There are 2 protein chains.
Amino acid sequence: MFSLDQLSAFVAVAEELHFGRAAERLNMTQPPLSRQVQKLERAVGARLLERDNRKVELTEAGQAFLVEARRLLALVETAGDLARRVDQGAAGTLRLGFTATSAIRTLGPLLRRMSEELPDVDVILHERVTPAQLDGLLRGELDLGLGRPPFDSDVLDSRVVDREPLCAVVPGNHRLAALGRPLSAGDFAGERVISYSPTQARYFHELTVRFLAESHPRIEQRVQQILTVILLVAAGRGVALVPASARSLGVEGVTYCDLEGAGDPVELHAIWRRDATSPVLRRVLTMLPEHH
Amino acid sequence: MFSLDQLSAFVAVAEELHFGRAAERLNMTQPPLSRQVQKLERAVGARLLERDNRKVELTEAGQAFLVEARRLLALVETAGDLARRVDQGAAGTLRLGFTATSAIRTLGPLLRRMSEELPDVDVILHERVTPAQLDGLLRGELDLGLGRPPFDSDVLDSRVVDREPLCAVVPGNHRLAALGRPLSAGDFAGERVISYSPTQARYFHELTVRFLAESHPRIEQRVQQILTVILLVAAGRGVALVPASARSLGVEGVTYCDLEGAGDPVELHAIWRRDATSPVLRRVLTMLPEHH
DNA sequence: AGAACATGATTCCCGAAAGGTATCACTCGC
DNA sequence: GCGAGTGATACCTTTCGGGAATCATGTTCT
């Protein structure tokens with residue numbers, strides 16, 4: 001088999017049609033260049049250059065081989081580049097899980113920035129509730145998730161990427177909507193409260209229960225999606241607690257009220273396998289906002 | 001820059017995921033294989049294989065690079081093959097000139113045989129009268145011609161590839177058509193004879209003149225193409241001499257008559273530049289019929 | 001025609017690089 | 001905890017590639 005150096009030598013001679021000049025271009029002397037071309041011809045099994053004491057020209061086999069040789073050398077360049085870029089996370093694939101509400105403040109800006117800074121990274125999006133994301137991460141179906149606590153921190157690593165206050169959402173004509181002041185837990189006494197699934201939306205379930213602990217509200221529903229909660233509120237089925245960014249979902253017929261003391265902030269975490277090796281993942285992690 | 005050996009080494013390790021087995025497959029020992037992979041990684045500038053004392057696996061960069069490496073090695077094979085096949089005349093292009101009548105007995109079988117034995121040779125056909133073929137050969141526009149003598153044998157080489165008798169063609173209702181015996185030169189006394197251009201169809205012109213020398217016929221036309229001659233005969237404009245194979249042109253309303261002694265045979269020559277180097281040409285020359 | 005020049009091939013030498021053997025460092029399974 | 005297995009390292013030998021000088025041959029200028 002021939003070597004890449006021999007290919008470069010051949011291409012140089014084929015382009016210069018002169019061993020001396022080709023050797024100069026390759027920063028070497030003429031004798032070893034002649035030998036390399038001879039070796040290449042023996043390896044290929046065909047005469048590529050017709051040469052005598054006064055002229056050098058390509059044979060037909062040489063013309064055909066020159067095309068292939070150039071293609072090969074070009075591929076050598078691109079292969080190295082590609083590997084380097086994948087290694088640095090500038091090319092490749094990121095399988096990204098996210099919850100519906102994480103998209104509002106975090107996913108959009110992230111995707112926008114990635115398409116600018118990492119245009120050769122393919123992002124495959126999976127909208128899933130947090131437990132499904134964790135499952136996907138453990139199974140190796142996802143590289144990165146945007147979800148809510150809690151999760152197993154032995155296998156998974158995480159970072160807070162967004163933190164926002166909790167707020168209340170009530171029907172537009174509800175008495176609480178007219179108060180015009182931050183609501184306290186006591187304001188919810190006797191209200192029907194729409195809350196979250198303790199398994200599929202455990203984080204919001206616990207935030208809700210914790211905030212309203214001493215006011216003994218009537219928990220009426222147990223849904224997974226924040227948007228569903230707000231739609232139920234709009235339908236007059238009760239009131240609920242949601243993250244402040246839910247305002248921008250633009251549901252008609254509801255009013256959002258601040259909470260007194262605001263309770264615990266709502267946290268969004270980026271989550272990934274602690275043993276993950278994906279260069280794209282590492283690169284993307286540097287692009288996520290820092291909190292704490 | 002990396003070497004092709006390093007690529008083969010990497011591919012072997014990537015496929016075996018085991019340095020020892022990969023080394024065995026490459027007919028070498030493990031230590032130099034490890035070094036080659038290390039060198040490759042340094043040359044590429046990215047870690048391609050994640051390895052420790054008990055497992056070897058591809059990094060993401062390694063996965064991307066493996067694809068390119070396989071493509072490269074495949075191209076190495078095909079590049080060599082291609083050059084070899086071009087060198088042996090099994091691939092490439094043949095620019096072939098021919099005269100209209102040479103197609104009848106020679107061109108067809110040649111093309112059929114080439115498409116069977118040299119399927120990767122592209123044949124570019126140029127129908128030209130002999131002088132135009134000679135011009136094309138000298139200008140380097142043609143690789144091979146099928147034409148009639150004479151031609152400059154200093155620059156051009158040639159071989160007889162077909163030889164056939166001359167015959168007469170007369171209108172179907174002509175008195176000569178009814179004789180039912182081979183015609184002699186004397187039979188043409190007083191006939192209007194359609195003949196050929198002394199420059200563009202010099203060979204047939206001279207054959208005609210030579211055969212009819214002592215019978216003093218009336219030479220009426222001077223055309224280039226044999227088919228034109230026969231059509232003029234069919235139109236009753238005279239009689240003519242044509243190669244025997246012209247019978248298979250299938251022109252209606254004419255009769256073909258053998259000639260006494262048949263005169264000189266009509267020769268068809270394959271003609272090429274004496275200094276031609278085309279491997280396809282040499283290969284094709286071996287496929288042409290031998291005469292003489 | 002002869003000398004000077006140009007050009008690719010050949011020869012010989014040296015240093016760099018590749019492969020082999022022996023060994024090390026580390027992990028895992030019993 | 002020890003032996004088996006695996007990749008890395010050290011060291012040696014061989015091979016291969018590059019450089020200087022020279023050769024062989026054909027061209028050009030006088």
Side-chain angles (χ1 to χ4, degrees), chain A residues 1-44 46-59 61-63 65-66 69 72-73 76 80 275 277, chain B residues 1-59 61-63 65-66 69 73 76 274-275 277:
Chain A
M1 192 167 68
F2 51 82
S3 77
L4 293 174
D5 288 339
Q6 286 163 6
L7 282 189
S8 305
F10 167 67
V11 170
V13 177
E15 285 174 355
E16 299 285 346
L17 292 180
H18 188 292
F19 278 73
R21 283 195 298 276
E24 192 177 353
R25 211 174 86 181
L26 295 167
N27 294 315
M28 60 191 293
T29 54
Q30 170 261 321
L33 177 58
S34 288
R35 274 185 318 210
Q36 292 292 31
V37 172
Q38 291 164 11
K39 278 198 175 183
L40 177 62
E41 289 179 324
R42 260 189 292 122
V44 171
R47 179 150 265 251
L48 302 176
L49 292 163
E50 193 58 44
R51 48 198 185 277
D52 59 21
N53 283 325
R54 65 194 178 291
K55 71 174 189 301
V56 177
E57 56 188 24
L58 282 164
T59 64
Q63 290 172 33
F65 192 73
L66 178 58
L72 246 156
L73 291 174
V76 165
D275 63 359
T277 57
Chain B
M1 193 168 66
F2 50 82
S3 77
L4 292 175
D5 287 339
Q6 286 163 5
L7 282 189
S8 305
F10 167 68
V11 171
V13 177
E15 285 174 354
E16 300 285 347
L17 292 179
H18 188 290
F19 279 72
R21 283 195 297 276
E24 191 177 354
R25 212 174 85 180
L26 295 166
N27 293 316
M28 60 191 292
T29 54
Q30 170 263 318
L33 176 59
S34 288
R35 276 186 317 221
Q36 292 293 28
V37 172
Q38 291 164 12
K39 278 199 174 183
L40 177 61
E41 288 178 325
R42 259 188 292 125
V44 170
R47 179 150 264 252
L48 302 175
L49 292 163
E50 192 58 44
R51 48 199 186 277
D52 59 20
N53 283 325
R54 65 194 178 292
K55 71 174 190 302
V56 177
E57 56 188 23
L58 282 163
T59 63
Q63 290 171 33
F65 192 71
L66 177 59
L73 291 174
V76 165
R274 196 176 290 281
D275 64 0
T277 57

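None of these values were measured; they are calculated from a predicted model. When reading the values below, keep in mind they use all heavy atoms of this one structure, side chains included, and skip hydrogens, waters and symmetry mates.
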Participant: Please tabulate, for the side chains in residues 16-33 of chain B, all donor-acceptor contacts under 3.5 angstrom to protein atoms that are two or more places apart in sequence or on a different chain.
Facilitator:
from	atom 1	to	atom 2	distance (Å)
B/Glu16	OE2	B/Arg25	NH1	3.1
B/His18	ND1	B/Gly20	N	3.0
B/His18	ND1	B/Arg21	N	3.0
B/Arg21	NH2	B/Glu16	O	3.4
B/Arg25	NH1	B/Glu15	OE1	3.2
B/Arg25	NH2	B/Glu15	OE1	2.7
B/Gln30	NE2	B/Ser34	OG	3.0

Participant: Could you check if a side-chain atom of A/Phe65 sits within less than 4.5 angstrom of a side-chain atom of A/Thr59, using non-hydrogen atoms only?
Facilitator: no

Participant: Taking side-chain contact (heavy atoms from CB on, under 4.5 Å) as the test, write out the residues that go with A/Arg54, two or more places apart.
Facilitator: A/Asp52

Participant: Test of understanding: with side-chain hydrogen bond (donor to acceptor under 3.5 Å, both in side chains), list the residues that count as partners of A/Arg51, not counting sequence neighbours.
Facilitator: A/Glu41

Participant: Go through it in stages, so that I can follow the logic: the residues are B/Leu58 and B/Leu48, the test is side-chain contact (heavy atoms from CB on, under 4.5 Å), and I'd like the CA-CA distance, side-chain angles, deciding distance and then a yes or no.
Facilitator: CA-CA 6 Å; B/Leu58 282 163; B/Leu48 302 175; 5.7 Å; no

Participant: Tell me every residue that passes side-chain contact (heavy atoms from CB on, under 4.5 Å) with A/Glu57, counting only those two or more places apart in sequence or in another chain.
Facilitator: A/Glu50, A/Lys55

Participant: Mind checking whether A/Leu49 and A/Val37 have side chains closer than 4.5 Å, heavy atoms only?
Facilitator: yes

Participant: Using a heavy-atom cut-off of under 4.0 Å over every strand shown, decide if A/Asp52 touches base, sugar-phosphate, or nothing.
Facilitator: sugar-phosphate

Participant: With sequence neighbours left out, write down each residue that passes side-chain contact (heavy atoms from CB on, under 4.5 Å) with A/Thr277, or none if nothing qualifies.
Facilitator: none

Participant: So where does chain B start and stop touching DNA chain D, 5' to 3', when the test is distance under 4.0 Å to a non-hydrogen atom?
Facilitator: D/dT6 to D/dC11

Participant: Grab the two heavy atoms, one from A/Gly62 and one from A/Phe10, that are nearest each other, plus how far apart they are.
Facilitator: O-CZ, 3.6 Å

Participant: If you find the nucleotide of DNA chain C closest to A/Ser34 and the one closest to B/Gln36, which residue's nucleotide is nearer the 5' end?
Facilitator: A/Ser34

Participant: Can you check each nucleotide of nucleotides 20-30 of chain C against protein heavy atoms at under 4.0 Å and return B for base, S for sugar-phosphate only, - for none, in 5' to 3' order?
Facilitator: BBB---BSS--

Participant: Roughly how far, to the nearest 0.5 Å, is CG of A/Leu72 from CG of A/Leu7?
Facilitator: 6.0 Å

Participant: Would you name the heavy atoms of B/Ala14 and B/Leu66 that are closest together and state the gap between them?
Facilitator: CB-CD1, 3.9 Å

Participant: Heavy-atom contacts under 4.0 Å between residues 43-51 of chain B and DNA chain C, which residues?
Facilitator: none

Participant: Below 4.0 angstrom, which residues in residues 8-25 of chain A have at least one non-hydrogen atom near DNA chain D?
Facilitator: none

Participant: Looking only at heavy atoms, which two atoms of B/Phe2 and A/Leu4 are closest? And how far apart?
Facilitator: O-CD1, 3.3 Å

Participant: Could you list all the side-chain hydrogen bond (donor to acceptor under 3.5 Å, both in side chains) pairs where at least one residue sits in residues 5-14 of chain B, not counting sequence neighbours?
Facilitator: B/Gln6-B/Gln36

